[in-house]
Each structure stands twice: as structure tokens, then as C-alpha cells.
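Heads up, the thing below is written out as C-alpha cells.
Numbered from 1 within each chain, the chains take letters A, B, ... in sequence-line order.
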2 protein chains.
Amino acid sequence: MTPVPAAASSAPRRGRGRPSSPVLTADGITAGAVALLEERGQDGLTMAALARRLGVAPSALYNHVATKQDVLRAVQDDVNRGIDCSGFGRDPWEEALAAWARSYRDAYARHPALVPVMAVTPVGSAPHTVAMYERVSSGLLSAGWPPHLVTNVVVAVESFVLGSALDTQAPADIFDPGDLAATAPGVTTANAARPEGDTARAAFELGLAALLAGLRDLLASAS
Amino acid sequence: MTPVPAAASSAPRRGRGRPSSPVLTADGITAGAVALLEERGQDGLTMAALARRLGVAPSALYNHVATKQDVLRAVQDDVNRGIDCSGFGRDPWEEALAAWARSYRDAYARHPALVPVMAVTPVGSAPHTVAMYERVSSGLLSAGWPPHLVTNVVVAVESFVLGSALDTQAPADIFDPGDLAATAPGVTTANAARPEGDTARAAFELGLAALLAGLRDLLASAS
DNA sequence: ACCTGAACACCGTTCAAGT
DNA sequence: ACCTGAACACCGTTCAAGT
């Protein structure tokens, strides 16, 4: 995001008509939405809250965006801009893919509300998002992946990444069977043996390693 | 779900006080919510719509559930009840895991609104959910998986499954770079080479095969 | 105990009026 | 063109009153 003041000119403007210079810009709205999401969590982004932070009436936003979904799309493109796909075309594809997946997961772990948006929003007209997919796709192609498999590989990794991003939001006791412990000895055993710490990350790294190993085999047998 | 009439006694009751026999039950509320989700999609489930379908005032629901989140939790447990984990303890673990993952993905593809709920809701007091995890965990344990890895395997597969369930909601043209096609030759090449048909399923099957192959290697090297 | 109906504090969005 | 302020049709939830 190009830097934009977090909050607009402290006091709300009192004039009634068109301002002499525009108060809002598309980038300013996006930056405000990102900040709101970061500060207040996923329920914190409302059109009213966004307008207040920008020092305008909620209806003023609709001169710049058609819907709240538009705002989410712009935020998503901004988040994707921060994902590291620099390894493609430089490092071996397995390393590039692993670094991309980690960076991607971390970005959406910070913005879980965007996960369902990301899974469903067409890429067209989201420039950073298109740039990311281009880097990944062309990287896989030039690493020797057959063209007909490339998008499936991207989608499979992405599905795992987005699911893992959601998993970071799970409470620590999500697998505690509670009253039903007596009926769940296997769950209890597995939970007790699971090492403490960042369990979401451990599960992600295990899955990522498995997925990459399987993809390596698949490429070897496909070529 | 135990069978329950889809809509309650056609005409709304006119009496003002406590009914002679209860109009609502927890199971009836859950069944109504499932039906609403299935018929009207994820935005169709509102407390008002649910109440109307059950022939009561919205506030009546709050005698049986504390919040809408409660309703979602109950629906989730009902959905999990339908997931096939019968292979564990019967078939080789790879086959059982694959069948479970497919069934799990299909169930949540029908209920994408529950994906974020599932990722975050503690399992305690959701009997069918606990039963599912018990079957899976004990199946992996008796197949020789080290206890400290079992939950991570479950979470990794689940993350991939839930991400893949979200992906089924993506429009067919999600990767169409639109105006930006000129800047995205790799994406364009990969898209053009991707076979038509159920692309979400193809990506899921590719990822599942890779994940399973990687897990097989991991188990071999861990034991 | 379990319902109704009114009320509360919100949502996203529209639109006439103002400059 | 781009803002304000009032309005609309919703939300989820609370609560007094009724039987």
C-alpha cells in the first residue's frame, strides 16, 4: 500500500457540500480497512467504523466503492502484495514453493476474515494477486512441471495454506473431548503426546513437508 | 439428524403465553437450520428465517440456544455425523484416510459457511464430532503412527480438506487475469492447458495423492 | 418453562439535497 | 464530482408480560 495517513484530518469536516479537494481515495479506504482489520479483528471492519476512521459519513464511501465486498477485494490484493514469491525462478521449485506457502499462510493467519474471500474472488483486476500467480505459475512451468498440472498444483497448495491459516485461529483446547473423554481414548492419547508450543505451525510444517514430498514424486513420475 | 417435520404446524400459533406442549426442540432447531442452509445458502440462515420456518417468533429460539453460534455448532455436529470414517480400523490407513478426506470435503462443500466454524469450534460436547476424531485418531494409532504425530496428521489433512471445500465455491473463471492477461503469460498458459471438467475435484485429488504419498514416506522414516 | 411482541443497538446501502 | 444526513430494510439479542 502506498503510505496514507492512518486517520484523516482529526476533526470531522463540517461543510455540507462537495469538498474543495476529495477527502477519500481508493488507496486511503483500503489502508483504513487494513488498519481496522489489524487493530480490531475481523468483526471490526464495518462501513461505519471505516467511515469514522476516515472522518466521513458512511455514505461517502459509496462514491468510491460499490459494496463492502469491493473493500474486501482491495484489502485482499494488498495482503497478497506482501506474500513472498521471490524464490520462483531463482531457487529450486520445492524451496520456492515452501517459502511461498509459509509466507502465504502467515499473511492470512493475520487476516482470517479474508480466507473465504480469497477462495472465491476472481483474480481479474487485482494486480498484485495476478502478479503473484504469474510468478508462481511461470516458476513451476520453467521448473519442468507439465502445463496441464500447474494450476492444480497451485490450487492444492493454496487450499492447504488457507485451511492452515484458519487453523491458526483455533483455540488451544479445540481437541479436548471434555465430558466425552471416556468415549475418546485415542483422541486423549494423541493429545497427551502432542508436543506443546505452536501446534498449528507444527501441523502446517508436517503437512507442507508431506505435500512437497508427494509433489516431487509426482513430477518425477510425470516427466 | 432424527427426522423432524421440516416446517412446524402450518399456521403460526396465536396464543400469547406458554404453549401446553413445547413447540421447539434442540433437534428441531438444528434440522430447520440445516434445511435453511441447504435451500437458501449460507446467507439464508438468519434467526428470523429460522423462526419463521419453525412457526415461532425469533425470540422464542433463545429459550433453547444462547446464540446463533450455538445453532451453527449444532449444525456442524450434524454435518460431521454424515462424514464417512468407517475405513479406519478396517482398511489400510492410507485408504481410510483418503475415503475420510473425500467424504469430509464433500460434506463441507455443501456447507461452506461452516468451514470457518469447523476450524475454530472446540470439539467438546459435540458428540458426533468427537466420535469422528476418535475413529480417525485410534485408527492412525493402531496403524502404527507415533502418538506425538497423530494430531498433526489429522490437522494437516483437515486443513487441506477445508481449504479444498472452500475452493469448490470458486467461480470457473477465478484465474482469468482479464485485462492483465498480457502481464500474465504463465497463468494464461497454465489455464489453457488445464483440462475442463470438475477442476476443483482434480486439484483436490492431486493434492490428496501428494499428501498421502508424503505421509507414507514420513511414517516409514519415523518408525 | 416457554411463548409473544416491543424494543435496542446495530448492519450495509440508497438517495435527495448541498456546494 | 463528492460530500452530509435522513431513511430503509434488515440483523442478533434482550426482556417484560402472558399463560
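- When the nucleotides D:dC2, C:dT13, C:dC11 are ranked by their closest atom to the side chain of A:Thr67, C:dT13 comes out on top.
- With 3.5 Å as the limit, one finds a donor-acceptor pair spanning the side chains of A:Asn80 and A:Tyr108.
- With D:dT13, C:dC3, C:dT4 as the choices, the nucleotide that has an atom nearest any side-chain atom of B:Val23 turns out to be C:dC3.
- Stem regions annotated for DNA chain C: C:4-8 with D:12-16, C:12-16 with D:4-8, counting only runs of 3 or more consecutive pairs of Watson-Crick or G-U type with both contacts under 3.5 Å.
- Both A:Ala66 and A:Ala49 lie close to DNA chain C; mapped to their nearest nucleotides by heavy-atom distance, the more 5′-ward contact belongs to A:Ala49.
- The listed nucleotides are C:dG12, D:dC3, C:dC3; the one nearest the side chain of A:Met47 is C:dG12.
- OP1 or OP2 of C:dC3 lies within a sub-4.0 Å distance of a side-chain N or O belonging to B:His64.
- Taking OG of B:Ser164 as the reference point, atom CD of A:Glu158 lies at 10.5 Å (rounded to 0.5 Å).
- For B:Ile29 and C:dC2, the CD1 to P distance is 11 Å, given to the nearest whole Å.
- One side chain, B:Thr129 or B:Asp77, offers a donor N or O that lies under 3.5 Å from an acceptor on the other.
- Put simply, the side chain of A:Leu54 reaches to within 4.5 Å of the side chain of A:Leu61, judged on heavy atoms.
- Under 3.5 Å, the side chain of A:Ser59 and the base of D:dG5 form at least one donor-acceptor pair of N or O atoms.
- Candidate nucleotides D:dT4, C:dC3, D:dC3 were compared by shortest atom distance to the side chain of B:Pro19, and C:dC3 ranks first.
- Whole-Å rounding puts the A:Asn63 CG to C:dG18 P distance at 17 Å.
- The separation between B:Gln69 atom CD and D:dT13 atom P is 9 Å, rounded to whole Å.
- Comparing A:Lys68 and B:Ala60 by the nucleotide of DNA chain C whose heavy atom lies nearest to each, the residue mapping closer to the 5' end is B:Ala60.
- When distances run from any side-chain atom of B:Tyr62 to the nucleotides D:dT14, D:dC11, C:dC3, the shortest one goes to D:dT14.
- Atom-to-atom, CZ of A:Arg52 to C1' of C:dC11 comes out at 13 Å; the value is rounded to the nearest Å.
- Ring planes of A:Trp100 and A:Phe88: perpendicular class, angle over 60° (limits at 30 and 60°).
- Taking atom CG of B:Leu61 as the reference point, atom P of C:dG5 lies 14 Å away to the nearest angstrom.
- Inter-residue side-chain proximity for B:Arg105 and B:Leu208 is flagged as unmet; no heavy-atom pair is nearer than 4.5 Å.
- B:Glu38 is not listed as a side-chain neighbour of B:Leu45, based on a closest heavy-atom distance of 4.5 Å or more.
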